Amino acid sequence: MLIPAATAVLMVIQQAPAEGTDWDAEFGVETKQRDPVTGELPVDPYEQSNANAGAAPYDSAGLVRDFGGRDGIARIAGRTVDLAESDPRIAVIFESHDMVRLKRTLSEQFCYLLGAGCDYTGRDMRAAHDGMGVTKADMNALVENLQSAMREAGVPFAAQNRLLAKLAPMSRKIVER
Amino acid sequence: MTIISSCLLALCHAAAMSAGSAIPVTAPHIAYAPVLDEEPEQAPLSPTIPDDQAVASAIRALQPLGPTSALSDGEGGVRIGKIELFEGGKLLLTNGVATVEGSSGGGIARWGTIGGRQMPGGIGLSAHATAIELPDFSWRSYGVLLGVDDRLELSVSRADFDTRDVGTALGIGQGYTFNLDTFGAKLRLAGDLVYGESWLPQIAVGIEHKRSRDADLVRAIGAADDEGTDYTLSATKLLLARSVLVNATLRYTEANQLGLLGFGSAGEGYNLQFEGSLGYQLSRRAVIGAEYRTKPDILGLGEDDWLDLFAAYALTDHLTLTAAYVDLGSIATFPDQRGGFLSAQVAF
């Protein structure tokens, strides 16, 4: 009897915070602004190197042709990211992720690894996936999305596997749990 | 503030005491009802949104939890605590297909793969039925397999080997059927079939404990025992750059025709044997290949090595069909046992 009454009284006398409080400022939330040209969010500086792509590139004109050249590779990378983003198994991983940048760096990585003459400007695989808590099941889901994108683009299965062969050994730097 | 609050508390307390238990205390409703009912005087301030990520996070935070519960994550599997039951997640065909001994493998050779479609932290289940038709014999086998955490595989299977007309010729009766129970366990030690360094295969050790259900007959044929245990060491890798799957298994065994004809003989026991498989991936769903399995000839009946040419197709995520041409050589002195192998496997 006493406790609800006391609670009620305390609710009356409790001061509400001032309206219009800037909670981001109160809690020190920093807002990143997208680059007006590229549309990408800024990242902490890192050393750029093709070694960050995680594997040595192929040297095969036929393989590049199978993927539809640089344009085809860029489309496949973009499509993979779109499929992953709408895949209920792994969508949550990408929720707070800069998808504009991911599409560009993934495209560069595929292009570099397939020997289509791009430079990879992204971070290395460990840094890029740090703290994301990626599981092997997540990897499998992404592989399936990439396979779908390559299949839609008409890439022969053996050529699909050659790209996967470059990516598969990177799993130990990506899978965290 | 403190003074007021203690005053109010005292008042309430006094009121409550005087009112007694007959009249319910209405003070809480009086206290906060106006706050709830009050129309906001101005439109609520919309928080400053940093960017679209925040919007996505906010939308997600406001969404109802949906079917998610302690027992389900809404994706078909069942979850008990941290263990995913029948959630799946393996890439197609990477759980292998059932062997004649009920293990995960390629048909006649055991592989280093772990059956079931579970991922780390999960439990999977698979079941199979296999039929082999040979000129003089028929084989039927069926079994179930439990996969734990992509680490451990436990399997039970039964094989029925129908001697048809040969039964009469051997004097054991028309259509005499040998029966063999196999209890298998396999533990993945290292490596991964698909991921990791391309030079490091998935390596697994295992046992297959087999019990013939024709104890008197197999002893009469010359076998030393009606039960025995095989020990296996397997290494299996999918070489993606070539779309090729390679498997090598060492088997330490004393089984005669897998154990259908018992184990060992008066003069001979365990032998080290080899099982090799080569597969080529045509698509995510289809693989073709060949297997070779060496066999000991402990009973001196001219037991031959086995080989098969197989094609496996994953009709759905859960159903895989395997068809093969098998050459099982001489069985119980009846030579040239070549025929067809058909197997269906469902896996979760």
Side-chain angles (χ1 to χ4, degrees), chain A residues 1-2 4-13 15-16 19-25 29-34 41 58 88-89 91-92 94-99 135-141 143-144 147-148 151 157-172 174-175 177, chain B residues 1 4-5 8-9 11-13 15-17 19 21 25 27-32 35 42 44-45 47-54 56-57 60 74-75 84 87-92 94 119-122 150 192 194-198 200 238-244 280-284 286:
Chain A
M1 199 65 80
L2 178 62
T7 312
V9 170
L10 283 171
M11 288 183 80
V12 173
I13 60 178
Q15 267 194 325
E19 299 245 347
T21 304
D22 184 350
W23 292 110
D24 283 346
V29 175
E30 287 173 24
T31 308
K32 287 179 175 178
Q33 294 298 328
R34 286 191 181 273
L41 293 167
Y58 285 111
R89 294 174 294 178
V92 68
F94 301 100
E95 221 151 61
S96 59
H97 214 82
D98 183 351
M99 304 308 277
T135 65
K136 201 172 132 184
D138 299 331
M139 280 281 287
N140 281 356
V143 166
E144 288 175 3
Q147 286 178 320
S148 293
R151 200 165 53 240
F157 188 73
Q160 294 183 19
N161 270 353
R162 293 188 77 186
L163 176 57
L164 293 180
K166 289 290 183 191
L167 303 175
M170 301 175 190
S171 62
R172 60 200 175 85
I174 293 168
V175 174
R177 62 196 174 94
Chain B
M1 189 57 77
I4 298 168
S5 90
L8 285 169
L9 276 170
L11 279 170
C12 289
H13 191 214
M17 293 304 270
S21 57
V25 176
H29 304 286
I30 293 166
Y32 58 73
V35 180
Q42 60 185 63
L45 285 171
T48 42
I49 308 295
D51 55 38
D52 53 344
Q53 295 164 19
S57 308
R60 189 178 149 73
E75 278 177 40
E84 308 277 1
E87 163 83 4
K90 266 189 199 165
L91 294 172
L92 282 175
T94 59
M119 296 306 293
D150 206 18
D192 190 289
V194 181
Y195 296 117
E197 299 299 342
S198 50
L200 178 64
L238 177 60
L239 301 169
L240 283 163
R242 299 264 173 276
S243 298
V244 166
Y280 182 77
Q281 245 193 321
L282 295 172
S283 77
R284 290 170 70 222

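Letters go in sequence order (proteins before strands), and every chain restarts at 1. Bear in mind that the values here come from a model prediction, so they are computed numbers and not experimental data.
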Engineer: Between B:Arg242 and A:Asn161, is any pair of side-chain heavy atoms under 4.5 Å apart?
Structural biologist: no
Engineer: Drop me the distance from B:Asp150's CG to A:Lys136's NZ, to the nearest 0.5 angstrom.
Structural biologist: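 With rounding to 0.5 Å, CG (B:Asp150) is 4.0 Å from NZ (A:Lys136).
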Engineer: Are any of the side-chain heavy atoms of A:Arg151 and B:Arg284 separated by less than 4.5 Å?
Structural biologist: yes
Engineer: Could you tell me which of A:Pro169, A:Ala137, A:Ala159 has the largest number of non-hydrogen atom pairs under 4.5 Å with chain B?
Structural biologist: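 So the answer, after comparing A:Pro169, A:Ala137, A:Ala159, is A:Pro169.
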Engineer: If you compare all heavy atoms of A:Ala158 against all heavy atoms of B:Ser243, which two are closest, and at what distance to 0.1 Å?
Structural biologist: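 Scanning both residues completely, I find the closest heavy atoms to be CA-OG, 3.7 Å.
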Engineer: If I measure from the heavy atoms of chain A, does B:Leu238 come under 4.5 Å with its side chain, its backbone, both, or neither?
Structural biologist: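 For B:Leu238, there is no contact with chain A at all, as no heavy atom is under 4.5 Å.
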Engineer: Side-chain contact, heavy-atom cut-off 4.5 Å: A:Leu164 with B:Tyr195?
Structural biologist: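 The answer is no, as the side chains (C-beta and beyond) never meet within the 4.5 Å cut-off.
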Engineer: Any side-chain heavy atom of B:Met119 within less than 4.5 Å of one from A:Asn140?
Structural biologist: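 Result yes, sub-4.5 Å side-chain heavy-atom pair found.
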Engineer: Measuring only between side-chain heavy atoms, which start at C-beta, is A:Glu144 closer than 4.5 Å to B:Leu92?
Structural biologist: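 When only atoms from C-beta onward are counted, B:Leu92 and A:Glu144 do not touch, as no gap falls below 4.5 Å.
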Engineer: What is the minimum heavy-atom distance between A:Ala165 and B:Ala241, and which atoms define it?
Structural biologist: CB-N, 3.3 Å
Engineer: CZ/A:Arg172 to CG/B:Leu200 distance, rounded to the nearest 0.5 angstrom?
Structural biologist: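 One gets 10.0 Å once the value is rounded to the nearest 0.5 Å.
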Engineer: Let me know if A:Met139 has heavy atoms under 4.5 Å from chain B in its side chain, its backbone, both or neither.
Structural biologist: both
Engineer: How close do B:Gly196 and A:Ser171 get, counting heavy atoms only, and between which atoms?
Structural biologist: N-OG, 3.2 Å
